[in-house]
Amino acid sequence: MSRTLITSALPYINGIKHLGTLAGSMLPADVYARFKRAQGIETLYLCATDEHGTTTELAAAEAGLDPATFCERAHKVQHDLGRRFGLSWDHFGRSSSPQNHRLTQQFARQLWEAGFIEERVTQQVYSNTDRRFLPDRYVIGTCPHCGYEAARGDQCENCTRVLDPTDLINPRSAVSGSTDIEVRSSKHLFLRQSVFSDKLRGWIDAKKGQWPLIVTSTALKWLDEGLQDRGITRDVAWGVPVNADAWGPNPDGQRPDVEGLAGKVFYVWFDAPIEYIGVTWEWADARAVAAGRTAADDQDWERWWRLPLAADVTYSEFMGKDNIPFHTVGFPTTLLGVNEKTDGKGVWSPASNAPWKLVDELKGFNYLDYYGGKFSTSQGRGVFMDQALELLPADYWRWWITANSPETSDATFTWEQFQAQVNADLADVLGNFVNRICKFAETRFDAAVPAGGEWGELERKLAADVDAKLAELTGFMEGREFRKATTALRQIWVLGNGYLTEAAPWTAFKADPQRAGVAVRVGLNLVALFAALAEPFIPFTAEKIAGAVGAPFPGRWPAGGVGLLDQLAPGQAVRAPEVLFRKVEDAQVAEWRERFGGPEA
RNA sequence: GGCUGGGUAGCUCAGCUGGUUAGAGCGGUGGAUUCAUAACCCACAGGUCGACGGUUCAAGUCCGUCUCCAGCCA
């Protein structure tokens, strides 16, 4: 039996995420996880907060908290919001967990001892006033090219030129504004990505046509430009400490400069992807504790990650396009590196008989814009997760975002389109269908599934049409084409409305109650089917729909064929649910546009 | 500047390895219906597929040039 491991890109700990983050990683991962579970496949869907780095340090300082406390609180907020959006994580972990610390340090040691990490001395800006090193973007000054006075040390926002902090005129600290800064030498570790270029290229080439175009072309672009070795340490306090004192010699017999590396931490982009494994360990530990043990056995989580135990696992990653390089080059290099070792003569060999798995299916997304521009925290532009839930239930957002998923190109959110589509699809087509047939069953058939009567041509045609659409829908789900999946699902709903209109049980009822009973029974079975098919997309509503006709929830994803519309036992009680989807009013749209910014913003 | 993606009906988008009258939803028009959240269902609505040139029996779909938009440049 195959298993499915699903991760979505880790949301950064700082700040509430906007709808774009939901669209580009968390929501599609959830839709897919729910689909796989409904198919009866053993599924593990994991996510975590990405907590390390300077941005966190500064945000914590601004909040008057130490980073650990800041992260703990922010993690709870994000966890809560995710739950309220129906994100069905098996575990929502933290990159600052002890498990991730151990893995990150273990991987770094193995990479060093295998000869894939080397030491280099780099020039870093140090602020005497702040008594800390400053990352490039926290050094600000005048751009030497255009004279813009607030240029950052990595790039000038005005002329977009890429800069080095030492290029700036009148440089100062972005933290304190102090000009008492200087350049100091600092020892750092570099991951030798360049030696993995050929292996990575072969791996990516094999995924062409299978992964989205944007994923393979982005990865190949990096490889074509020549992979550079990447600094994986930082002069920052909040992170996974570099544990060089625990490392053995590298293949050349060299030992790390323990003193020179003291007080440094790993770069967030080194430890964050490792948290995909770390969170699996956290999940296993949490289960073990729940079962009365103190901790998980390694095998409990390694069975998802290390071959040959994980040979039956298909690993799917979901992310926005900005994350693609780190998942196609950076993290795979780490895993390829720990799977290998070299001797002093440069001969490679497997490092272990249990190599780590690489991603099988990488789904990359473009951006969701807000009225053609970017969502912006600083400008208060666009809708953020907490605000969205204040306005409308999660299913409205889940549906619209999935139906407009930026799968092949950037997509745009506007309140007008949101209103039109949500009202039409959810309120008019789905909500009204459930309501009309349930109400009719209540008033004319004693609120129960009618018995008796035989299917006619109409029913056979409906079953065939639904079956065909279901096959289409299932195909889109398997292919992770969620936008198309919503279209197919909507078409199935339309088939239901069309059938009711044609079968017209309200007319048949007068002359041939038996005939009307067949139509109502089929209609109620459609309700049960809709609940099962809608569950990955709009789980909260799907549960209400299932409840209306006493269908199991969550139900199984139907395989199609005989019996598809014959699941409910005659006599089963029926109860029309309260209004499933209230329509979004024009006045609300006007108000929200005003509040969140419209086209002119 | 380099690179990546994209410019298809009023709007938002589908169109895989080139092949009958270029598709869907929304909007619009007409019809049908009254069970239902004034909802549902059906039909129609003609867009030189960014521009030009080329390859081919045949191009939105391949090649070249140009143009516009977006993003990326560690």
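Residue numbers start from 1 in every chain, and the chains themselves are labelled A, B, ... in the order their sequence lines are given, proteins ahead of strands. Because the structure is a prediction, the values reported are computed rather than measured.
Going from atom CG of A:L500 over to atom P of B:C42 covers 12 Å, rounded to whole Å. Rounded to whole angstrom, the span from the CG atom of A:D425 across to the P atom of B:C26 amounts to 8 Å. Between the NZ atom of A:K484 and the P atom of B:C13 there is a distance of 15 Å, rounded to whole Å. Here B:A70 presents its C1' atom at 7 Å from NZ of A:K321, a figure rounded to the nearest Å. Between the CG atom of A:N366 and the C1' atom of B:C72 there is a distance of 12 Å, given to the nearest Å. Distance CG (A:D428) to P (B:C26): 10 Å, rounded to an integer number of Å. Taking atom CZ of A:R230 as the reference point, atom P of B:C73 lies 11 Å away to the nearest angstrom. What separates OH of A:Y367 from P of B:G5 is a distance of 16 Å, to the nearest Å.
A gap of 13 Å separates the C1' atoms of B:A14 and B:A9, to the nearest Å. B:C35 and B:U21: their P atoms are spaced 45 Å apart (whole Å). For the P atom pair drawn from B:G19 and B:G60, the interatomic distance equals 10 Å after rounding to whole Å. Across B:G53 and B:A45, the matching C1' atoms stand 34 Å from one another, rounded to whole Å. Distance noted for atom C1' between B:U33 and B:A43: 15 Å (whole Å). Using P as the reference atom, B:A39 and B:G27 are 9 Å apart when rounded to the nearest Å. Here the separation of B:G46 from B:A24, taken at their P atoms, is 14 Å to the nearest Å. Rounded to the nearest Å, the gap between the C1' atom of B:U67 and that of B:G30 is 41 Å.
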**Request:** May I have the step-by-step check of salt bridge (Lys or Arg N to Asp or Glu O under 4.0 Å) for A:R192 and A:D229, ending in yes or no?
**Result:** CA-CA 5 Å; A:R192 297 175 61 206; A:D229 297 336; 5.2 Å; no
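The base-pairing partner of B:G53, taking Watson-Crick or G-U wobble contacts with both distances under 3.5 Å, is B:C63. Searching all strands for a Watson-Crick or G-U wobble partner of B:A38 with both distances below 3.5 Å returns nothing. Taking a pair to require two hydrogen-bonding distances under 3.5 Å in either a Watson-Crick or a G-U wobble arrangement, B:C44 pairs with B:G28. Pairing for B:C72 is with B:G2, a Watson-Crick or G-U wobble pair whose two hydrogen-bonding atom distances lie under 3.5 Å.
A donor-acceptor pair is defined here as one N or O able to donate and one able to accept, closer than 3.5 Å; such a pair exists between the side chain of A:Q193 and the backbone of A:Q228. Without hydrogens or angle criteria, A:E119 side chain to A:H188 main chain gives no donor-acceptor distance under 3.5 Å. In terms of modelled atom types and a separation under 3.5 Å, the side chain of A:S405 and the main chain of A:F482 share no donor-acceptor contact. A distance-only check finds a donor-acceptor pair linking the side chain of A:E442 to the backbone of A:A576 [under 3.5 Å].
Checked against B:C26, B:C13, B:C11, the side chain of A:R490 finds its nearest nucleotide in B:C26. Checking B:C13, B:A24, B:C40 against every side-chain atom of A:A411, the shortest atom distance belongs to B:C13. Nearest nucleotide to the side chain of A:S217, out of B:C11, B:C13, B:U4: B:U4. Picking from B:C35, B:U12, B:G6 the nucleotide with the shortest atom distance to the side chain of A:R483 gives B:U12. Looking at the side chain of A:K583, the nearest of the listed nucleotides B:A39, B:A36, B:C13 is B:A39. For A:V494, whose side chain is taken as the heavy atoms from C-beta onward, the closest listed nucleotide among B:C41, B:U12, B:A74 is B:C41.
Remark: A:K221 is not in phosphate contact with B:G2, judged by side-chain N or O atoms under 4.0 Å from OP1 or OP2. Residue A:R436 places none of its side-chain N or O atoms closer than 4.0 Å to OP1 or OP2 of B:C41.
Using a 4.0 Å heavy-atom cutoff across all strands shown, A:W222 reaches at least one base atom of the nucleic acid. Residue-level contact check: A:F326 touches neither bases nor backbone, having no heavy atom under 4.0 Å from any strand. Residue A:R582 is out of contact with every strand shown, counting any heavy-atom pair closer than 4.0 Å. Heavy atoms of A:G498 sit under 4.0 angstrom from primed sugar atoms or phosphate atoms, though from no base atom.
Considering OG1 of A:T218 and CG of A:D322, their distance stands at 10.5 Å, rounded to 0.5 Å.
Screening A:F581, A:F440, A:F530 against A:F433 for a ring-ring contact (aromatic ring centres under 6.0 Å, His included) leaves a single residue, A:F530.
Residue side chain A:N435 does not reach the base of B:A36 through any donor-acceptor N/O pair under 3.5 Å, judged by distance alone.
Where A:T412 and A:V579 each meet RNA chain B at their nearest nucleotide, the meeting point lying more 5' is that of A:T412. Looking at which nucleotide of RNA chain B each of A:L580 and A:G226 is closest to, the 5′-most match is held by A:L580.
By the stacking rule of 5.5 Å between ring centres and under 30° between planes, A:W506 stacks on the base of B:C35.
Judged by the 6.0 Å and 45° rule, A:K264 forms a cation-pi pair with A:F133.
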